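Notes follow once the structure below has been shown.
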Amino acid sequence: MNITVKYFASLREQLGKSEEILTLSDEISIAEVWQNVSASISENIESENILMTINMEYVKSDALVKTGDEVAFFPPVTGG
Amino acid sequence: MNITVKYFASLREQLGKSEEILTLSDEISIAEVWQNVSASISENIESENILMTINMEYVKSDALVKTGDEVAFFPPVTGG
Amino acid sequence: MMPIEIRGSSFNPWDEIKLHQQKLNRQGQYGATASFVGTMRDFNEDKHVQRMTLEHYPGMTDKYLEKICKEAHQQWDLIETLIIHRIGEIKIADPIVLVCVWSAHRAEAFDACRFMMEDLKSKAPFWKQESTAAGNRWVEKSTPG
Amino acid sequence: MMPIEIRGSSFNPWDEIKLHQQKLNRQGQYGATASFVGTMRDFNEDKHVQRMTLEHYPGMTDKYLEKICKEAHQQWDLIETLIIHRIGEIKIADPIVLVCVWSAHRAEAFDACRFMMEDLKSKAPFWKQESTAAGNRWVEKSTPG
């Protein structure tokens, strides 16, 4: 199954990419996707400090990712 | 001693005057001034429902009135 | 500056804020502007209202509005406040009151703007008389804040 | 109508409110209009800021702002809401966000306007990057509301 993963702001810069397509063999939680994609970052980012969305809706870290989902990870928002 | 007394809004209409000059023989409280001037109103108005000012500052009913003071009585305000 | 103004004729609150902000000339310092505008409705307490007259206590009104601004500046860290209040004959949809607050951060602007409006509603010496099809009536109390 | 808008270039919030109110055409129905404008300051967290870039999550941003408006309309008796938010290159003194609420009475307008701003600040997917003399930096958290 394929999912699209997006990164924003400082996280996008740390990872050096804004978007990628991941192929997963199993249905896994978004927390597991985060462990996967954040492994390359030297400074460890606790998942509590990262906001997670599936298809543009906020989810908790135990939410399951399905094929075709658009997943996003980003730091606390600072608009307004 | 002379004081100026002003009335506003529904109270002005009930009393049929907007301003008068009263001559008092003694220094009295504003509550006593109110008893005096409101005696003519047929429907009794409780002094708790009347706001009182001396020289354009809100006062409690036991505040003393001095010669030359501008006293005002009015119903609850409804601006804004 | 902290201006307060009693207006005898109709005003546009958005033009007033825009103009005052230009005069204020503190660009880059304020990060938050909270405003409140009270506008005349065509309906109040079960009746259609045709027009309204706003009476006030000349002299005390200005003094009281200035007091509201001073208290807000003492209580919060503000850059500027502006109050405009109508008196006289008011038509449906006429703005009655404008309160606007400029500050560095938003909590101060929100808190001060609301405090100023509530204080004005409960203590500033203005009185509304409405004209309805059944005749004139004095508004007896303000809506709760 | 409940419009929300993501703007790529500078806007004047007072002109926007004035214009929207004309389009709304509900004169005589709203008695209360509460607004908040967030503006770019030249100073943040001990440093002078020269300019700023606002990144966002296209698609989700619109969706989230619409959600804020819907929730406000569910929670309070409102006549209209308006949100405009800047993205892209922001200059000192540029308005960043406008939230405006129209209702019959003032409590609803004040409460809804503040709720909408706080929800936007804590959840709408926007990120600020400031340019200072020491280089660029991501703003890490918003000021408390």
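This one's a predicted model, so the numbers in the text were calculated from it and none came from an experiment. Values below: all heavy atoms of this structure, side chains included; hydrogens, waters and symmetry mates excluded. Below, chain A is the first sequence line, B the second, and so on; all start at residue 1.
Most heavy-atom pairs under 4.5 Å with chain C: of the set Q27(D), M117(D), E118(D), K91(D), this distinction falls to E118(D). Between chain C and the options T143(D), V37(D), I92(D), heavy-atom pairs under 4.5 Å are most frequent for V37(D). Contact count versus chain D (heavy atoms, under 4.5 Å) is highest, among A34(C), G28(C), G38(C), for G28(C). Taking chain D as the reference chain and counting heavy-atom pairs below 4.5 Å, the highest number among V49(C), N44(C), V97(C), D42(C) is found for D42(C).
Rounded to the nearest 0.5 Å, atoms SG (C113(D)) and CZ (F36(C)) are 10.5 Å apart. Note that NE2 of H105(D) is 4.0 Å distant from CZ of R41(C), once rounded to the nearest 0.5 Å. Distance check, rounded to the nearest 0.5 Å: CD of Q29(D) to CZ of F43(C) gives 11.0 Å. Expressed to the nearest 0.5 Å, how far NZ of K18(C) lies from CG of D15(D) amounts to 3.5 Å. Here NE2 of H20(D) is found 11.5 Å from CH2 of W14(C). Values are rounded to the nearest 0.5 Å.
Within the 4.5 angstrom heavy-atom criterion, no atom of E108(D) approaches chain C. For P13(D), no part lies under 4.5 angstrom from a heavy atom of chain C. In this structure, the portion of K121(C) lying under 4.5 Å from any heavy atom of chain D is its side chain and not its backbone.
Scanning all heavy atoms of the two residues, the minimum distance from P144(C) to A107(D) falls at O-CB, 4.4 Å. Taking all atoms of both residues into account, the shortest heavy-atom contact from Y30(C) to T39(D) is O-CB, 3.7 Å.
Counting non-hydrogen atoms of neighbouring residues, nucleotides and ligands closer than 6.0 angstrom, the CD atom of E140(D) reaches no more than 12 such neighbours. Around the CZ atom of R137(C), the shell of radius 6.0 Å holds more than 12 heavy atoms that belong to other residues, nucleotides or ligands.
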TODO: Report the C-alpha separation of R114(D) and D111(C) in whole Å, then their side-chain angles, then the decisive distance to 0.1 Å, and conclude whether the salt bridge (Lys or Arg N to Asp or Glu O under 4.0 Å) test is met.
DONE: CA-CA 10 Å; R114(D) 192 155 196 176; D111(C) 288 344; 2.6 Å; yes
